Asks: 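So that we are looking at the same thing, I have put the structure below in structure tokens.
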There are 2 protein chains.
Amino acid sequence: MLKSKASPVSLEQRNTTRIRVLEHIRAKGSVSRIDIASALQTSPATVTAATADLISAGLVKETESQAQSKSGKRGRPRVLLQLDGQMHLVAGLKVARQVISVILVDFEGNEVASHKYALDQARMSPQKFVSAIREALEETCSQIDRSVAHLAGVSIGVAGLVDANRNFVHWSSSITERNIDFSHLLSNKLPCPAFVDNDANLVAKAEQLFGLGKGLENFLVVTIEHGVGLGIVLDGKLYRGERGCGAEFGHTKVQLDGALCQCGQRGCLEAYVGDYALLREMTVTGHTNDMESVSEIHDRANSGDDRASSVLARAGQMFGLGISNLINLFDPECIIVSGAQMSFEHLCSSEVMTRIRNGVVNVDAPLPQIKVHHWGDMMWAKGAAAYGIEQVSILKVKELTSNAP
Amino acid sequence: MLKSKASPVSLEQRNTTRIRVLEHIRAKGSVSRIDIASALQTSPATVTAATADLISAGLVKETESQAQSKSGKRGRPRVLLQLDGQMHLVAGLKVARQVISVILVDFEGNEVASHKYALDQARMSPQKFVSAIREALEETCSQIDRSVAHLAGVSIGVAGLVDANRNFVHWSSSITERNIDFSHLLSNKLPCPAFVDNDANLVAKAEQLFGLGKGLENFLVVTIEHGVGLGIVLDGKLYRGERGCGAEFGHTKVQLDGALCQCGQRGCLEAYVGDYALLREMTVTGHTNDMESVSEIHDRANSGDDRASSVLARAGQMFGLGISNLINLFDPECIIVSGAQMSFEHLCSSEVMTRIRNGVVNVDAPLPQIKVHHWGDMMWAKGAAAYGIEQVSILKVKELTSNAP
DNA sequence: GTAAATATTTTACCGACTGAAATAAATATG
DNA sequence: CATATTTATTTCAGTCGGTAAAATATTTAC
């Protein structure tokens, strides 16, 4: 008879070690217990306990192959641990204007299936929004003969202002109503945990878990698409701002009373760097007709059109200025420039890098690295999946202790 | 006979509750145990234990006066707790070009004595630097018939790049050598713990502990003096950047290839807002002669000089642009504009506020509050003292457990 | 085969925290 | 005025996460 007498320790600080161990294993790929202990500044005994729990939850497994010991070769060999990817399936969704992109991944982030679900309307009621997500998920799951109920978690990225901790959408370009709490809507309609977040934050999560930010504590992810987005990771955590509306890098002003932006204000970075800004500039050059994408501008520039080159160059200069401001303010370990489809070579040229270097306050330390990441068009959905994996990990670890004997 | 067998818990997470309780008491001024428990989401039993320790360490005391209970008046009355300010004396120093400002404060931050120690040279060797600090401290302490040995801690603010955790100064305008570890130098020369940090960070600490940021979790402190500084507090902690050289707000660029800045780059905010920038502008207007301070420009503007007004107005516009960028990126609870002596009304005018409002991306939520704080000329030294109090608090709490029976 | 080296697990114990019960100190009520 | 009621704080016994040290496991060196 277990007497449930005293005291679960405060939820905030509970299980932090197990989650840290899990994240460390994910970041390293495969790693021995003794290395985890030294990396996390904890004792081997703690790592033994934590990994035992993670293994029993099916989140982690021991690998066959063995790593060589640090010094020499004598002594008991280290046993490598890695994620047990097969146990859980997670879906990531990105809701865009005309399409919902869905990706199914295993627990290591490997793609299992993907799908595009066409939307007939850009903006939907919350109910319609959730139904569309349900349908998109079902179609994707059927590809691999699974049902939605098999999913360990679903993560949804939308453009807009989201309080991710509460699944609360203040405003989104995909939804007709403001201030919607999706917690109940989603749990009613889906048989598994679901999470909503802002899309740029999700890409930052993807870079942190699987991408170029793996294992870093302080970095920025700049997303390039129609507009310019930003995700901020500080101390290993996504920084969301006090009201969840920070990181509006695209709307920081780079020119007093400058070019007109989609948002209605003047001088926004996006008004110089966004695709619509470039296309707008090109209309002035006389190619009024049918310029439809940034890669067309690149083509023209490459074939000797000086005006096209000049349009791209100015965008690059402004972008470089914006990036140097980010470095001056945040002093990050690294900045990751992530793009899905749009061509953005003009934002990574050596001229832009020079502009950045010349705009950063001079110190002994070298400039933070600027890494460019060309994702495919599933960038946003993969970002959502990354967040889903993280959230499911946390859920599973919590279950672990609440169910324990 | 005590057998020192197992296990101090990892230093990082040790005593966090006691420190949180102490900080909460400091933020509230006086508060009852039951309120602390609910504010910190912990149990009353924990608060009893924590406060008992803090009282025995002489950091906290019970007050005579009693607060009324929340609802009704029946029941055992709450006992208010407050800091016991008299037990410890802390010194804050700011090293400037020609002077070291020293302030002695009690543990509640009340000024006990202050002093200015003239420097004969703006840049010193590390040894000379430490000796000057020692002398400045001795002169100040003698005012109240104490010796330096009575101090519980000393905190030193310098302009430059500092790794505060290690008392390591990468570079400072006050010191002739780079990359100096002051830990040993200070502990050899001073009979009490000493801490070094960047001056703008210290002002942020002062606002957090005693000023307009009391109790806030996410806020920015913009300091106005010769240049423009920034301190960033996120999640209640000072954010210092990866290499300790972030928060260079004054050198974020507000104009592509704009005005020349002291730092050698072009278009820095400081090159439009710093005092030297305003004085430079005024030289062009024909008043070449003896314009020496910003308040003279204010005087001229107030007496109808349109050129002076225009110079101040442009600085305000650029400042507003910079502030709106900060809000767009950080989405803080509040921005505190702190100045010591320089006149900066032109940076808080209604035109500037309008510029800020129009530069922030529009959301439902109201604009973060912008608070203006006119300190006296001891702003920087008081900032240092605030940091000193915090550090000494942490030390005392740690002693508490290591000395415990 | 035995010693030395290294990784992991087991053991015994510490300390922070908790819920529940006990205690303290006030007011309300008759 | 005694007693019930209410609220704040403390005490108590127990849980949980963590640790150091010892024990155990598994390898190579000799």
Side-chain angles (χ1 to χ4, degrees), chain A residues 2-21 31-55 62 66-81 397-398 400-405, chain B residues 2-21 31-38 40-55 62-63 66-81 397-398 400-405:
Chain A
L2 70 148
K3 242 191 343 176
S4 84
K5 257 309 232 348
S7 106
V9 181
S10 104
L11 272 170
E12 289 306 299
Q13 69 187 84
R14 193 172 176 174
N15 296 127
T16 48
T17 299
R18 269 172 286 201
I19 289 172
R20 290 207 316 145
V21 169
V31 61
S32 67
R33 289 177 178 82
I34 192 81
D35 287 334
I36 297 173
S38 68
L40 267 45
Q41 304 242 63
T42 186
S43 72
T46 301
V47 177
T48 293
T51 53
D53 286 351
L54 294 173
I55 289 170
E62 299 189 341
Q66 293 179 349
Q68 53 270 56
S69 282
K70 208 168 198 172
S71 58
K73 26 210 138 163
R74 210 141 55 147
R76 176 174 174 173
R78 300 165 176 207
V79 180
L80 292 180
L81 299 166
V397 171
K398 282 189 181 163
L400 204 55
T401 38
S402 59
N403 296 346
Chain B
L2 70 148
K3 244 194 340 179
S4 84
K5 256 306 234 349
S7 111
V9 182
S10 104
L11 272 170
E12 290 307 299
Q13 70 186 86
R14 193 173 175 173
N15 296 126
T16 47
T17 299
R18 268 172 287 200
I19 289 171
R20 288 207 317 146
V21 169
V31 61
S32 67
R33 290 178 178 82
I34 192 80
D35 287 335
I36 298 173
S38 69
L40 266 44
Q41 304 242 60
T42 187
S43 71
T46 302
V47 177
T48 293
T51 53
D53 286 351
L54 294 173
I55 289 171
E62 299 188 342
T63 57
Q66 293 179 350
Q68 54 269 58
S69 282
K70 209 168 199 172
S71 58
K73 26 209 138 157
R74 209 139 60 145
R76 177 174 176 175
R78 301 165 176 206
V79 179
L80 292 180
L81 299 166
V397 172
K398 282 187 180 164
L400 203 58
T401 38
S402 59
N403 295 347

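A note on names: the letters A, B, ... follow the listed sequences, proteins ahead of strands, and every chain is numbered from 1. Because the structure is a prediction, the values reported are computed rather than measured.
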Asks: CG of B/N15 versus P of D/dG17: gap in Å, rounded?
Replies: 20 Å
Asks: For DNA chain D, determine which residues of residues 42-51 of chain A have any heavy atom closer than 4.0 angstrom to one of its atoms, and list them numerically.
Replies: A/T42, A/S43, A/A45, A/T46
Asks: Going through the checks in order, is the side-chain contact (heavy atoms from CB on, under 4.5 Å) test met by B/V397 and B/D53?
Replies: CA-CA 8 Å; B/V397 172; B/D53 286 351; over 6 Å; no
Asks: D/dT6 C1' sits how many Å from B/R78 CZ, rounded?
Replies: 12 Å
Asks: Could you check how far CD of B/Q41 sits from C1' of C/dG19, rounded to whole Å?
Replies: 17 Å
Asks: Within this structure, what is the CD-to-C1' distance between A/E62 and D/dA25, rounded to whole angstrom?
Replies: 13 Å
Asks: Rounded to the nearest Å, what distance is computed from the CG atom of residue A/L80 to the P atom of nucleotide D/dT27?
Replies: 14 Å
Asks: What is the distance, rounded to the nearest whole Å, between atom CG of B/D35 and atom C1' of D/dT9?
Replies: 13 Å
Asks: Using whole Å, report how far CD1 of A/I34 lies from C1' of C/dA5.
Replies: 12 Å
Asks: Do any side-chain nitrogens or oxygens of A/R74 fall under 4.0 Å of OP1 or OP2 in C/dA4?
Replies: no
Asks: Closer than 4.0 Å, any side-chain N/O of A/R33 to the OP1 or OP2 of C/dA7?
Replies: no
Asks: Might you point out which heavy atoms bring B/P44 and B/I34 nearest each other, and give the distance in Å?
Replies: CG-CD1, 4.4 Å
Asks: Any chance you could measure A/L81, atom CG, to A/I36, atom CD1, to the nearest 0.5 Å?
Replies: 5.0 Å
Asks: Just verifying a value: how many Å separate A/L40 CG and A/T46 OG1, rounded to the nearest 0.5 Å?
Replies: 10.0 Å
Asks: Provide, to the nearest angstrom, the distance between the NZ atom belonging to B/K398 and the P atom belonging to C/dG15.
Replies: 17 Å
Asks: Write down the atom of A/A50, the atom of A/V21, and the distance for their closest heavy-atom approach.
Replies: CB-CG2, 4.0 Å
Asks: May I ask you to verify whether the side chain of B/R76 and the base of C/dA25 hold a donor-acceptor pair under 3.5 Å?
Replies: no
Asks: Taking all atoms of both residues into account, what is the closest heavy-atom pair of B/R33 and B/I55, and its distance?
Replies: NH2-CD1, 3.9 Å
Asks: Does C/dA16 have OP1 or OP2 under 4.0 Å away from a side-chain N or O of B/R18?
Replies: yes
